[in-house]
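None of these values were measured; they are calculated from a predicted model.
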Amino acid sequence: MTSCAPRPPGSPEPAPPDAVRAARRRALRRTRTASGTLLLDMGGVVIPTLFESTAVPGFPAGPTGVDEDYRAVEAGASPERDYWARLARRRPDLDIGALWRDCSYVRNEVLGLIARLAGRVRVVAFTNDMAHWFGDDWPARFPAVARFDGVLEAAKLGVLKPDPRAFRVAADALGEDPRRCLFVDDLAANLDGARAAGMSAELFEVTDPAGSVARVARALGLPAEEPRRRRVWSP
C-alpha cells in the first residue's frame, strides 16, 4: 500500500527550458513589474508539504489542523528539521526521508504561475536544505526546477532562513537589490526574515494553494486570469 496521497490531476507538459528562458527574455524587453526577482521556497510552496502529500494513518496535521509542535516551527521557535527529527523519534515506523522522496511533486498551481510569468521576473528557488532529504542532485528530481532561472540553498550559502542575513546573502548571490525581490514561503517566520532584509514577502497558505498563487500574481502586478470561455457551436 502506498504511503502517498493521490496527486492532483496533471498539467500539460511545459515547454523545454531553453524555450521558456527565451520567452522570458523577450517578455522582459516588453514589460516590467515592481519586483525583479521572485524567490520561491521549495518545501511547502513549490512542492507540497508532507502533511498534504502523504496518506500515512495518524500522520500529524502540521498547518492543516491542530499540531502545537508545528506551531513552534511556524513561529520560528523551532527549526523545521528538528520537528521532523522529533516526529521520527515518536514514530520509528516512519522513514521521513523516504516519504519526502517518494511523495513529492511540483504543484500544478506553481507550474501555472511560472507559465503566466513568461519572463516578467526572474524566478529562483530558495530553499534551506533540500539536499538533506534528496541529496545534492535534488533539482534533477523535479524537472520543472530546470525551468527556473536559478537555485539557491541557504545551507550552502552559510546561513539559514529565517535569519535576515540569509536573504541578504541570497540577494548578493543574485546581484539583485533586496527591494526588488518578492519572497514566498509557507512559514511566517521566514517572511519576517525576508522583510527585515528589505524584501517584499507573501505567505503561501498550503490549505489554499490556488488562492496563494493568485495573491502572488497580484503582488507581481500580473493581470487577473480571465475565465476560460466555452466554445458554443451554432449553425
Side-chain angles (χ1 to χ4, degrees), residues 10-29 31-49 53 100-101 104-157 160-161 166-167 169-178 180-187 190-191 194 197 199-204 206 209 212-217 219-222:
S11 298
E13 180 64 21
D18 289 345
V20 172
R21 289 172 184 142
R24 285 180 180 156
R25 287 193 295 269
R26 291 194 298 270
L28 277 170
R29 290 194 291 267
T31 184
R32 296 283 179 179
T33 68
S35 297
T37 299
L38 173 64
L39 295 166
L40 298 175
D41 176 51
M42 282 296 300
V45 177
V46 177
I47 62 176
T49 62
S53 63
W100 274 115
R101 292 187 292 273
S104 294
Y105 56 91
V106 176
R107 294 185 189 272
N108 291 335
E109 295 88 352
V110 172
L111 289 174
L113 174 65
I114 301 306
R116 287 188 64 202
L117 290 173
R120 291 178 171 86
V121 298
R122 179 167 48 171
V123 180
V124 175
F126 184 33
T127 175
N128 258 351
D129 55 359
M130 283 282 284
H132 174 73
W133 301 111
F134 297 93
D136 287 333
D137 64 342
W138 68 264
R141 291 178 173 266
F142 305 101
V145 175
R147 297 171 173 86
F148 286 27
D149 297 299
V151 174
L152 294 175
E153 275 196 274
K156 294 181 179 179
L157 295 176
L160 298 178
K161 301 179 288 183
F167 299 94
V169 172
D172 287 344
L174 295 169
E176 183 67 278
D177 185 335
R180 282 180 46 78
C181 294
L182 174 63
F183 173 67
V184 181
D185 201 299
D186 60 307
L187 297 178
N190 290 345
L191 303 184
M199 294 184 180
S200 300
E202 190 71 43
L203 179 66
F204 191 99
V206 302
S212 297
V213 164
R215 286 189 293 275
V216 172
L220 292 171
L222 295 181

- Item | Distance, nearest 0.5 Å, that separates CZ of Arg215 from CG of Leu203 | 7.0 Å

- Message: If you compare all heavy atoms of Leu220 against all heavy atoms of Leu38, which two are closest, and at what distance to 0.1 Å?
- Response: CD1-CD2, 4.1 Å

- Atom pair CZ (Phe126) and CG (Leu157), whose distance is rounded to the nearest 0.5 Å: 6.0 Å

- Does any non-hydrogen side-chain atom of Val124 lie less than 4.5 Å from one of Phe148? no

- Message: Counting C-beta onward and ignoring hydrogens, is there a side-chain heavy-atom pair between Val151 and Met130 closer than 4.5 Å?
- Response: no

- Query: Glu109 and Val216: side-chain contact (heavy atoms from CB on, under 4.5 Å), yes or no, with the steps?
  - Reply: CA-CA 11 Å; Glu109 295 88 352; Val216 172; over 6 Å; no

- So, does Arg101 use its side chain to make a donor-acceptor pair with the main chain of Trp133 at under 3.5 Å? yes

- Query: Tell me, do Leu174 and Asp149 make a side-chain contact under 4.5 Å, heavy atoms counted?
  - Reply: no

- Is it true that a side-chain atom of Arg141 and a backbone atom of Asp137 form a donor plus acceptor pair closer than 3.5 Å? no

- Heavy-atom closest pair (Gly43 atom, Asp186 atom, distance to 0.1 Å) is O-OD1, 3.3 Å

- Task: Please report the shortest heavy-atom distance between Ile47 and Trp100, naming the atom on each side.
- Result: CD1-CZ3, 4.2 Å

- Atom pair NE2/OG1 of His132 and Thr127 - distance to nearest 0.5 Å: 11.5 Å

- Message: If I compare all heavy atoms of Thr49 with all of Arg107, which pair ends up nearest, and what's the gap?
- Response: N-NH2, 4.1 Å

- Message: Nearest 0.5 angstrom please: Met42 CE to Trp138 CH2, how far?
- Response: 4.5 Å

- Given side chains that start at C-beta, do those of Phe204 and Leu40 come closer than 4.5 Å, heavy atoms only? no

- Do Met199 and Leu39 touch side chain to side chain, with heavy atoms closer than 4.5 Å? yes

- Query: Is there a side-chain contact between Phe134 and Ser104, using heavy atoms and a 4.5 Å cut-off?
  - Reply: yes

- Note on the structure: On a heavy-atom basis, the closest approach of Ala154 and Asn128 is CB-OD1, 3.3 Å

- What is the minimum heavy-atom distance between Asp185 and Lys161, and which atoms define it? OD2-NZ, 3.4 Å

- Query: Got a donor-acceptor contact below 3.5 angstrom from the Glu153 side chain to the Ala131 backbone?
  - Reply: yes

